[in-house]
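What you see is a predicted model, and the numbers here were worked out from it, not measured in a lab. Both backbone and side-chain heavy atoms feed into the values below; hydrogens, waters and symmetry mates do not. Numbered from 1 within each chain, the chains take letters A, B, ... in sequence-line order.
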Amino acid sequence: MNPPLVITEKQAFQSQLLSWYDLNQRALPWRGERDAYRVWLSEIMLQQTRVAAVIAYYQKFLQRFPTLQALASARLSSVLAAWSGLGYYRRARMLHQAAREIVKQHSGQFPKTAGELADLPGIGRYTAAAVASIAFDEPKAVVDGNVERILNRLSGSLLTTMDSWNFAEALLFHDRPGDFNQAMMELGATVCLPRDPNCLGCPIRAFCNSRSRLKVVRLKPRRRKRTLSYALCRSSKGVLLVRRPGTSTLMPGMWELPELSSKPTLETAAFLFQVRHSITLTDYVVSVFEGNHPGPSGKHFTPAQIARLPLTGLAKKILSRAAVI
DNA sequence: AATGCGGGGAC
DNA sequence: GTCCCAGCATT
C-alpha cells in the first residue's frame, strides 16, 4: 500500500530530522544505549508511562537486576517490588517471564529480530521494532502515540493504524533506524506536542501539511472522585499489611494497608494525614488513621521486610509519607 | 475495534 | 479539572 503522503524529498526530511535530533536530544539514561537488555527494559517501562516517571525506576531496577540472567533468576515478588509505584504491573510479570524464556529457549542470547522479539510476552509490534532497531539496527519503524500524532499532522489527516505504520516505514532512515525512531518520538515529546505544538521550532515543518491545524477530537470518560480510609497499624512486630487476592484483576497479589470500610470517628482512631492518589479512572482522596484495628487477615512486616515486598503504589505512598520506609 | 490495566504531571 | 503518556493482551 502506498503511503498516504508522498514525500518527494524524503532524504531532506530524514536529514533535517536526524540533524535536529543529534543536536537537541535530551540526555536520558538509556540514550545511546545499545545493550538489548537495557533497551528492552527502557521500552517496557516507557509503555504508557512518561519519561520523567521512568528515569529513577530504570536506574534502580538495573542496580537490582543488572543483567538478563539476574532478572531471570529473581523471584517474581522481587521484580514486582522493584516495579512498585510504576503501574501496569502486568508489564513486570511479562518482563520476568520473557527473561526466563530467553534464558531457557534462546540459551541466554537475546533474540535479534523484531519477528522473534514479538513472540515474547509483553512485546508487541511497537516494542519489537524499537528494540530491534535501537539495539540491532534492524530497519523497522515504530509508531507510538508521539509518532502517530506527527504522522497525522504531516499528512493532514487522521490516519488509520495500518496507514500510520506504512507511512512510518516509508519515511524510515535505514542507515540509522534506531536514531530515526527515537528522533521521531523525541520530536513528538518536545516539539510536536498534543496541544500547542512549537511549529516554528520544528525541523520538519517544511514537510508538514497541517501544522497545528489538525483537530483531534477525543472524548474520554470523566474521572470519578472517591474517598478511602486506611489503617496504619503499628506494633513491635511492624506494620500490618494485607495481600490483595491473587484473583483480583487489579494489582493481584500485591500488598497494601487494611482498608477501613468507613471513616472512623475521631474518638475511635487518630487521624494521621491525607494523600491523593489516582488509579485508572478514579481520583482518590485517602485518609489514613492510626489503627488498632487488626483486620481478620494480614501480617506484620518490619521496614526491612517491607522494602522487599510488592506494594501497591498507594501503600508505598502512605508508608513513605508515614516515614515507615 | 474496544476494553482493562496504574499513576501522575502538565496545562 | 482534563488530557494523555516511547502499548499490550484479550475479546
Side-chain angles (χ1 to χ4, degrees), chain A residues 21 25-26 28-31 33 38-58 80 83-95 97-98 117-135 140-151 160-162 164-165 168 178-190 192-197 215-225 244 248-252 254 256 275-286 310-317:
Chain A
Y21 179 67
Q25 62 179 270
R26 293 168 292 178
L28 300 173
W30 48 87
R31 275 283 184 260
E33 185 57 66
R38 291 173 174 243
V39 172
W40 173 47
L41 176 66
S42 71
E43 292 300 339
I44 298 296
M45 284 190 165
L46 286 162
Q47 288 169 4
Q48 291 295 291
T49 308
R50 294 179 185 282
V51 165
V54 167
I55 293 175
Y57 278 89
Y58 175 78
L80 287 170
W83 209 268
S84 171
L86 195 55
Y88 286 131
Y89 299 96
R90 195 173 51 181
R91 293 183 295 177
R93 299 173 187 277
M94 293 189 293
L95 183 83
Q97 180 59 36
L117 287 163
D119 287 336
L120 292 165
I123 300 188
R125 185 172 181 179
Y126 164 82
T127 306
V131 174
S133 65
I134 295 170
K140 280 268 200 252
V142 300
V143 176
D144 73 333
N146 288 312
V147 175
E148 183 177 22
R149 183 172 59 255
I150 294 171
L151 298 179
T160 64
T161 300
M162 192 172 61
S164 290
W165 282 93
D179 284 342
F180 177 89
N181 284 331
Q182 293 182 85
M184 289 285 279
M185 294 189 280
E186 187 77 353
L187 186 70
T190 62
C192 194
L193 301 166
R195 290 172 291 205
D196 195 22
K215 279 201 173 172
V216 179
V217 182
R218 195 162 311 185
L219 280 184
K220 287 278 190 167
R222 276 185 43 202
R223 299 185 78 114
R224 292 181 291 273
K225 302 176 198 315
R244 295 179 61 81
S248 171
T249 61
L250 198 63
M251 299 172 279
M254 301 186 72
E256 59 186 355
V275 297
R276 296 180 184 282
H277 197 65
S278 301
I279 63 168
T280 316
L281 295 176
T282 308
D283 291 326
Y284 296 96
V285 176
V286 179
L311 300 173
T312 67
L314 175 56
K316 191 175 181 182
K317 186 185 289 182

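- We find that CG of A/Leu41 is positioned 16 Å from P of C/dA6, with the value rounded to whole Å.
- In this entry the distance linking NZ of A/Lys316 with C1' of B/dG6 reads 13 Å, nearest Å.
- Residue A/Thr249 is classed as a sugar-phosphate contact, given heavy-atom separations below 4.0 Å to backbone atoms only.
- Residue A/Asn146 has its side chain nearest to C/dA6 when only C/dA6, B/dG7, B/dG8 are considered.
- No N or O donor and acceptor, one from the side chain of A/Arg50 and one from the base of B/dG6, sit under 3.5 Å apart.
- Rounded to whole Å, atom P of C/dA6 lies 10 Å from atom CD of A/Glu186.
- The heavy-atom pair separating A/Ala135 from A/Val39 by the smallest distance is CB-CG2, 4.3 Å.
- Of all heavy-atom pairs spanning A/Ala141 and A/Ala129, the tightest one is O-CB, 3.5 Å.
- Comparing A/Leu46 and A/Met94 against DNA chain C, the residue whose closest nucleotide sits nearer the 5' end is A/Leu46.
- Taking 4.0 angstrom as the limit, A/His277 places a side-chain polar atom (N or O) nearer than this to OP1 or OP2 of B/dG8.
- Ring pair A/Trp83/A/Tyr57: centre-to-centre distance not below 6.0 Å.
- Using a 4.0 Å heavy-atom distance criterion, A/Trp30 is classed as a base contact.
- Within the nucleic acid shown, A/Thr161 has no heavy atom closer than 4.0 Å to any nucleic acid atom.
- Mapping A/Thr280 and A/Leu193 onto DNA chain B by nearest heavy atom places A/Thr280 at the nucleotide closer to the 5' end.
- Spacing of P atoms, B/dG8 relative to C/dC8, comes out at 23 Å, to the nearest Å.
- For A/Ile134 and C/dA6, the CD1 to C1' distance is 8 Å, given to the nearest whole Å.
- Backbone-only contact: A/Met251 has heavy atoms under 4.0 Å from sugar-phosphate atoms and none from a base.
- A cation-pi geometry, defined here as NZ or CZ lying under 6.0 Å from the six-membered ring centre and within 45° of its normal, does not hold between A/Arg38 and A/Trp30.
- Distances from the side chain of A/Tyr89 to the nucleotides C/dA9, B/dG6, C/dC3 place B/dG6 closest.
- When distances are taken from the side chain of A/Gln47 to each of C/dC8, C/dA6, C/dC5, the shortest belongs to C/dC8.
- Using a 4.0 Å heavy-atom criterion, one finds that A/Gly188 contacts no nucleic acid atom at all.
- Between A/Met184 and A/Leu151, the closest heavy-atom pair is CE-CD2, 3.9 Å.
- Residue A/Leu86 is in base contact, counting any heavy-atom pair closer than 4.0 Å across all strands shown.
- The side chain of A/Arg90 has B/dC5 as its nearest neighbour among B/dG8, C/dA6, B/dC5.
- Residue A/Tyr57 contributes atom OH, which lies 21 Å from atom P of C/dC5 at whole-angstrom precision.
- Residue contacts shown for A/Arg31 include a base, since a base heavy atom lies under 4.0 Å away.
- The CG atom of A/Leu281 sits 15 Å away from the P atom of B/dG8 (whole-angstrom rounding).
- A donor-acceptor contact shorter than 3.5 Å links the side chain of A/Lys316 to the backbone of A/Ser84.
- Nearest heavy atoms, A/Leu117 versus A/Ala132: CD1-N, 3.9 Å.
- For the pair A/Lys225 NZ and B/dG7 C1', the interatomic distance rounds to 16 Å; values are reported in whole Å.
- Scanning both residues, A/His277 and A/Lys317, for their nearest heavy atoms gives ND1-NZ, 2.9 Å.
- Residue A/Thr49 places none of its side-chain N or O atoms closer than 4.0 Å to OP1 or OP2 of C/dG7.
- What separates CZ of A/Arg125 from P of C/dA9 is a distance of 14 Å, to the nearest Å.
- The side chain of A/Thr127 lies closest to C/dC8 when the candidates are C/dC8, C/dA6, C/dT2.
- Checking the phosphate oxygens (OP1, OP2) of C/dA9, no side-chain nitrogen or oxygen of A/Arg91 falls inside 4.0 Å.
- Of the candidate nucleotides C/dA6, C/dC5, B/dC11, B/dC11 has the atom nearest to the side chain of A/Arg195.
- The gap from the P atom of C/dA6 to that of B/dG4 amounts to 23 Å, rounded to the nearest Å.
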Base-pairing string, 5' to 3', of DNA chain C - Watson-Crick or wobble, under 3.5 Å, | interstrand: |||||.|||||

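- With hydrogens and angles disregarded, a donor-acceptor distance shorter than 3.5 Å links the side chain of A/Arg149 to the backbone of A/Gly188.
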